[in-house]
A.B. asks: 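I have a structure I would like to understand better, so I am pasting it below and will then ask my questions one at a time.
Sequence lines set the chain letters: A, B, ... in the order given, protein chains first and strands last, and positions in each chain run from 1. In what follows, every heavy atom counts, from backbone to side chain, and hydrogens, waters and symmetry copies are set aside. What you are looking at is a predicted structure, and each value in this text was computed from that prediction instead of being measured.
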Amino acid sequence: MKKKTFFITTPIYYVNDVPHIGHAYTTIAADVVARYKRLAGYDVFFLTGTDEHGQKVQQAAGQSGKDPQAHVDDLHVRFKELWVRFNISNNDFIRTTEERHKKVVHEILQKLYDEGEIYKKNYEGWYCMPDERFWTEKDLVDGNCPECGRKVEKINESNYFFKMGQHRDWLVDYINQNENFIQPKSRRNEILGFLKQPLDDLCISRPTERLSWGIPLPFDYSDYVTYVWFDALINYISTFGTLDKIHACDYWPAAHHLIGKDILTTHSVYWATMLKAIGLPLPQNIFAHGWWTVNGQKMSKSLRNVVEPNHLIDQFGVDVIRYFLLREVPFGLDGDFSHKALIGRINSDLANNLGNLLNRTLNMLKKYFKGELPKPDTKGDEDAPLVAKSAEVIKEVDRLYGELAYSKILAKIWEFLDAGNIYVNDTAPWNLAKTDDGKKRLATVLYNASEACRVIAILIAPFMPETADKMMTQLGIDTPIEKQGLDSIKKWGWIKSGTQTHQGAQIFPRIDDKAAAKILESVDIGGNVETKADQKSESDDKGQITIDDFMKVDLRTAKILEAENVKKSKKLIKLKVDLGTEQRQVLAGIAEAYEPEQLVGRTVILVANLKPAKLMGLESQGMILAGSNGDAIILGGFDSDLPPGVRVK
RNA sequence: GGCGGUAUAGCUCAGCUGGUUAGAGCGCACGGCUCAUAUCCGUGGUGUCCGGGGUUCAAGUCCCUGUACCGCCA
C-alpha cells in the first residue's frame, strides 16, 4: 500500500537577508511537523530554499563588484549552513537561480501566455526602485513612496500583466468555504477584507533596461524579466520538475505553506490565482505566523538587538532554542524573545521537569538494579493513571498537530511529564527499596518510569531531536527513534526488561542565578532593559534615574546627508542621516531656526532607539537632540568632528 | 478615514454555543519527601474579569457606548 504523503514548505528566504531568529522560527516550525509526520508513517516532503532574483541582489552584487550569480552563490550558503546547525530535515533546498526552477517558470509563463492569461499593456505609474513596486498617484505620501518614504519615479512603459482580477469572486467563495485555507482566522478575515475591493491584474514583468537580474520572459526574451514574486512562488512546485510531473506527483497540493504574516497576500491571492490559472489545486493550508520582538522591541540593526541564531546555538544549544521558540508563544501570534524568558524555560521546563525525571529514574535504576531494567512485577494503584495519561496525551498531541498549535502540543507533553514526576513521588521507590515485598513493586515502578521517559523522548523528538537521542542512549535503547515510530508508544510497554541503562551527563543543566545574571549582563542594550526594569531604583521617588536607565537611550552621532523642508509644515525638516551602519529618515522640528542647506554635512546627536513615528505622513526613525530658549532652537553637537554611528554617553 | 481584533491574578495567557465559590503555567509564601540538577510533590492568597449603560431569573461570556493598544486596507 502506498504511504500517505505530506508536503510542507517554508518561504524561500531572500538571499540578501542575514538569517535571523524569524527565519529560524518558520523553518524549525516546518521541521517539527515534518519530523512528526515521518514518525507517524507519512511520506513527507519538506521544502525550503532561497529567493535569489531582483533589484536588491543586482545592486548588492554591483556594489561588491561581483557577478550576481557569484554573489548569490556565496550568500545562499548562510541559510543552508544554519539549517544544518539547526538539524533541519528538509528534503530539498531550492534556489530560484537554478535551471530546474527557471525551466518550470518558463513553462508556466508560456502556457499562460498561450492561453491568453497574460497580456501586454502600456502602463503609467510611480515606481519605487528599492521596493520594486508601482504606486498610483493617490498612494503617494508627499510625493514619495508610502512604504519607505523614498523618492519614486514616474514611469511610462509597457509591461505584461497576469489576469488576476478575474479570479476574485471564486477566490472569495473558496476562502469562505474552506475555513482552514488561511490561518489564523484573523489573517483570513484580513484577506477577505482585502478582497472586498476590486482586484487588479498583476504586473509580472520588469523591463530589462531597469532590472536585468531575473528570469527572462520566454515570449519576450530580450526585453523583459519576470517579476520576482511571480518567479519565487513557483518554487513550491518547481521542485517537482515539469508541469506533467507536478500533476503526477503525490505531494501536491501542499498540506501547509508556513509563512510570515508579511507575505500573506502574495500567497493567498497571487499564488492562489496563479495556481488556478495553471490548473493546479490550491494548497490545503497557508499559515501566517507572527513576528518576534526582542525585549519588547522590534528587531533592528541600529538597536543592536538582532538575535543572531548562530550565537544563540553556541550559547544555549540547538534543542533549547528549538524548544523555546515553539513553546513560548502560540503560533500565529507575535512573540517576544528575551534571555530572561529563555533561561526561565530552560530551568523550569527542561532542567527541573524533563531532565530531572530522566535523571532520578536512571539513578534509581543504577542504585537498586545496577542499571538493568527490571521485569515488572507487583502492580499498584498508581500505574493505571500513568498509562491512561500517556494515551490521552498522545491522542491530543496528534490532534493539535493538525492545528499547528505547537505551544499547546508542548504544554500537553509536559502534562505527561508532570504525571511521570507525580508517579515517582507517589510510589516513593526509595521506600520500596527497603523491603523485599517493596522490591517487587519497585521493579514495576522503575519499569514504568523508564517507559514514561521513552514515551516522552518520542513525543519530544520532533522538537528536540538531539535530546531525544540522548535520552534513548541513556535508556539503553539502540533502535533508532524513526524505527520505533509513533506506534510504539500507542501501547504501553515497548521498552524491554533486561536493557542496560547508562546514566550519563544531565541533559539540561540548570543555569544558576549567578550564571543567569552574567548572561543577562552580557546581552546588549535590549537585554538591559529587562533586567534593570526589574530592579526598582531607590532614587525613583526623587525623579532621578540610574545610569542603567540612562543607558537605555541609544544616543548616536549621525551625519546629515540631505535636508529638505516638509511641505505644508512650518516646523518640520526632513533629514536623511548616516549612522555609519545605515541611513535613516528623521523629521526634526527645527525649520524655524535652520535652513535645510545649513544642515547638510553637520554631525548631530540622534536618539537611535526611539520608536519610529509618523509625522505629517512621513516616518521619522529617530530624534535629533536640540535645546531651545524661547524661539531659538540650537542643535546639539561636538567641539570637533566624530564619525557617524559613535555611541554618545 | 474604512474594516477587524484585543483589554481577565505580579507576569504570560485559557475561559466553546451566557448557569454552582473565575482557571493554567511562571513567580511568591508555607508544608511534605529525599531517588534526583537546592530538584520533585502538596497547599495558599490576592483578581471592581478596562470604564459606563442595557438585555436576562442569571453575563467575564450577548447588545450599545467610551477609553487604550494592535492589525489590515486607504
A.B. asks: For atom CG of A:D381, decide whether the heavy atoms of other residues, nucleotides or ligands shown that lie under 6.0 angstrom number more than 12.
C.D. replies: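 For A:D381, atom CG is not crowded (no more than 12 foreign heavy atoms under 6.0 Å).
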A.B. asks: Ignoring the backbone of A:R360, work out which of B:C26, B:A36, B:U34 is nearest its side chain.
C.D. replies: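 My answer, after comparing the listed nucleotides, is B:A36.
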A.B. asks: Sort out the partner of B:U34 for me: Watson-Crick or G-U wobble, both distances under 3.5 Å, none otherwise.
C.D. replies: none
A.B. asks: Of the nucleotides B:C41, B:C26, B:A36, which has the atom closest to the A:S348 side chain?
C.D. replies: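 Output: B:C26.
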A.B. asks: Between B:C41, B:C35, B:U39, spot the one nearest the side chain of A:K367, thanks.
C.D. replies: B:C35
A.B. asks: For B:U46 and B:A7, measure between their P atoms and round to the nearest Å.
C.D. replies: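 Going atom to atom, P in each nucleotide, I get 23 Å.
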A.B. asks: Please verify the inter-ring angle class for A:F331 with A:H289; under 30° counts as parallel, over 60° as perpendicular, anything in between as tilted.
C.D. replies: tilted
A.B. asks: Would you indicate what A:G344 reaches in the nucleic acid, counting non-hydrogen atoms under 4.0 angstrom: base, sugar-phosphate, or nothing?
C.D. replies: nothing
A.B. asks: Pick the nucleotide of RNA chain B nearest each of A:I422 and A:S186; which residue has the one closer to the 5' end?
C.D. replies: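 By nearest-heavy-atom nucleotide position, the 5'-most residue is A:S186.
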A.B. asks: Can you tell me the base-pairing partner of B:A24? Count Watson-Crick or G-U wobble geometry only, both distances below 3.5 Å, and say none if there is no partner.
C.D. replies: B:U12
A.B. asks: For B:U39 and A:R510 - does any side-chain N or O of the residue sit under 4.0 Å from the phosphate oxygens OP1/OP2?
C.D. replies: yes
A.B. asks: Touch check for A:N347, heavy atoms < 4.0 angstrom, all strands: base, sugar-phosphate only, or nothing?
C.D. replies: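 If one applies the 4.0 Å heavy-atom cut-off, A:N347 turns out to touch nothing in the nucleic acid.
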A.B. asks: Could you check which nucleotide pairs with B:A59 in any of the strands shown, counting Watson-Crick or G-U wobble with both distances under 3.5 Å?
C.D. replies: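 In the structure as shown, B:A59 has no Watson-Crick or wobble partner.
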A.B. asks: Among B:C35, B:C73, B:C72, find the nucleotide with the atom closest to the side chain of A:R187.
C.D. replies: B:C72
A.B. asks: Taking the six-membered ring for Trp and the full ring for Phe, Tyr or His, determine whether the centres of A:W229 and A:Y270 are under 6.0 Å apart.
C.D. replies: no
A.B. asks: Using a distance-only test with no angle check, is there a side-chain donor-acceptor pair under 3.5 angstrom linking A:D377 and A:T444?
C.D. replies: no
A.B. asks: Touch check for A:Q197, heavy atoms < 4.0 angstrom, all strands: base, sugar-phosphate only, or nothing?
C.D. replies: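 Result for A:Q197 = sugar-phosphate.
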A.B. asks: Is the distance from OP1 or OP2 of B:A36 to the nearest side-chain N or O of A:N359 less than 4.0 Å?
C.D. replies: no
A.B. asks: Taking CD in A:Q197 as the centre, count heavy atoms belonging to other residues, nucleotides or ligands within less than 6.0 Å. Is the count above 12?
C.D. replies: yes
A.B. asks: Closest to the A:A351 side chain: B:U37, B:C26, B:C72?
C.D. replies: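 In terms of side-chain proximity for A:A351, the closest of B:U37, B:C26, B:C72 is B:U37.
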A.B. asks: With a 3.5 angstrom cut-off on both distances, give the Watson-Crick or G-U wobble partner of B:G47, or none if there isn't one.
C.D. replies: none
A.B. asks: Taking any strand in view, what nucleotide pairs with B:C69 in a Watson-Crick or G-U wobble way, both distances under 3.5 Å?
C.D. replies: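 B:G5 - that is the nucleotide pairing with B:C69, both distances being under 3.5 Å.
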A.B. asks: Which nucleotide wins on minimum distance to the side chain of A:N356, given the candidates B:U39, B:C35, B:C72?
C.D. replies: B:U39
A.B. asks: Report yes if a side-chain nitrogen or oxygen of A:N352 is closer than 4.0 Å to either non-bridging phosphate oxygen (OP1 or OP2) of B:C40; otherwise report no.
C.D. replies: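 The answer is yes; a side-chain N or O of A:N352 sits under 4.0 Å from OP1 or OP2.
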